[in-house]
There are 2 protein chains.
Amino acid sequence: MREVIRRQRYHHGNLREALVEAALALVEERGSPEFTLREVARRVGVTHAAPQRHFEDRAALVAAVAEEGFHGLRAHVESVAGLAKARDPAARLHALGVAYVQFAVRNPAHFRVMFTAELADKSRHPSLQAASRAMHDFLVQCIEDGQREGFFVEGDPLELAFAAWSLVHGLAVLLVDGRGMGRRPAPLIESVVARLHTGLLPRHRPKRKRRKH
Amino acid sequence: MREVIRRQRYHHGNLREALVEAALALVEERGSPEFTLREVARRVGVTHAAPQRHFEDRAALVAAVAEEGFHGLRAHVESVAGLAKARDPAARLHALGVAYVQFAVRNPAHFRVMFTAELADKSRHPSLQAASRAMHDFLVQCIEDGQREGFFVEGDPLELAFAAWSLVHGLAVLLVDGRGMGRRPAPLIESVVARLHTGLLPRHRPKRKRRKH
DNA sequence: GCCGCAATGTAGACGGCGGACACATCGACC
DNA sequence: GGTCGATGTGTCCGCCGTCTACATTGCGGC
């Protein structure tokens, strides 16, 4: 009965990629990086044990999805920052930040998996660590360049990078989690990332001490 | 054999709280918000079905831990911001941000559970939504006060609040996930949150266009 | 005091899960 | 055309969350 729809070929042919794709689709559909190995296998049309030929365990599949995501993120960020290369470092940093958040909003499933709690210990997945690290190094480089040319405030570049990374990552997380207060994301991203540059304090600080009451 | 160590009383007496506490301890120990209901029950010394008398399902227990965390966060933030109340709004906002991140770093287990992916859909847990919302409202209020008195730049207060919330939340997430670059967290928190106020651009923007090469 | 009942914990069953294994099928290379 | 490694199947294991029937308890009305 059930074998009416049956895979024709015994071998799938491209199971590994198909599994990654199916897993991503599941995350997309349910908006949460929780999926079952068997579920993924069913969707692809193979037995639940078949994935083991391609991924040592469930975590390996999750890591593969995350890694694909990191590569996509890096490509997007570098392409956008590359376009802004001719302009000054501040514009480049701005473009970098916007691109980061854009990627998250456009690829929420990938982003969720990339930062899922199950992958918190990345020591088991060195390629993930490398991708994340490369991103960070690129950011620090961008800030050091800007400082050297006087476009950014002086100070420990690592600390500035950490601040930028925090704002941008926090923004991405909040937007992907649907805490965007129902606004259109694009302008919100632009203005929030711009805030990183100018800060919340007015350029001309009021000298009056405090209100009367 | 195994009943040598056996609970004396048939009724635990305070099972609900004990379960929340045990769950939190497990998260703390393994550094990840993944725990098993049966595991928690074993640790408390009851049968695996006993928790069901207090929590409809596993998600309800997770939500209870998260809710406890939100109450703690709010208490911490409000107490710190209360102390800084006498000072100007900028100092108050700074204190608020530092307190937020401090809470995350000091209570990583709580923080992880509060923002775990399983609770992404908070519609099923209105008390969580309320706690998170209260936090946000407090922040917006703080910014509106500051703007009114000229301590912050003008503009949509919701957008400024979103920027502040992003930076602080991102910083907390990165620190809790151990991406703090091995630095002592306290000074890093101070300086990164301070960066929110001043931004990355120098106060006196260089007018020269760009480097020669 | 004691009794009946709601609250709370126990014991066991069920289906689904991740993982391990032996076996079936395939395709690439000799 | 035969062989062997690669890839998918079928089955088993222990653990999981949840359900249900039953045991134990504490408490309020008599």
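Everything numeric here is computed off the predicted structure, so don't read it as measured data. Sequence lines set the chain letters: A, B, ... in the order given, protein chains first and strands last, and positions in each chain run from 1. What you see below is based on every heavy atom in this structure, not just the backbone, and it leaves out hydrogens, waters and symmetry mates.
- Between C:dG18, D:dG17, C:dG12, one nucleotide has an atom nearer to the side chain of B:Arg58 than all others, and that is D:dG17.
- Between A:Glu29 and A:Arg43 a salt bridge is recorded (basic side-chain N to carboxylate O distance below 4.0 Å).
- Between the side chain of B:His48 and the base of D:dG17 there is no donor-acceptor pair of N/O atoms closer than 3.5 Å.
- Backbone-only contact: A:Arg42 has heavy atoms under 4.0 Å from sugar-phosphate atoms and none from a base.
- Residue B:Arg38 places its side chain closer to D:dT18 than to any other of D:dT9, D:dT18, C:dA11.
- The cationic atom of A:Arg92 (NZ for Lys, CZ for Arg) does not lie both less than 6.0 Å from the six-membered ring centre of A:Phe151 and within 45° of the ring axis.
- For B:Thr36, counting side-chain heavy atoms from C-beta on, the closest listed nucleotide (C:dT10, D:dC16, C:dG19) is D:dC16.
- Separating the CG atom of A:Leu15 from the P atom of C:dC26 is a distance of 16 Å, rounded to the nearest angstrom.
- Residue B:His54 is classed as a sugar-phosphate contact, given heavy-atom separations below 4.0 Å to backbone atoms only.
- Taking the ring centre of A:Phe103 as origin, the terminal cationic atom of A:Arg74 falls outside the region bounded by 6.0 Å and 45° from the ring axis.
- Distances were taken from every side-chain heavy atom of B:Arg53 (C-beta onward) to each of D:dT18, D:dG10, C:dG9; the shortest belongs to C:dG9.
- One finds no salt bridge joining B:Glu159 and A:Arg183 here, because no Lys/Arg side-chain nitrogen approaches an Asp/Glu carboxylate oxygen to under 4.0 Å.
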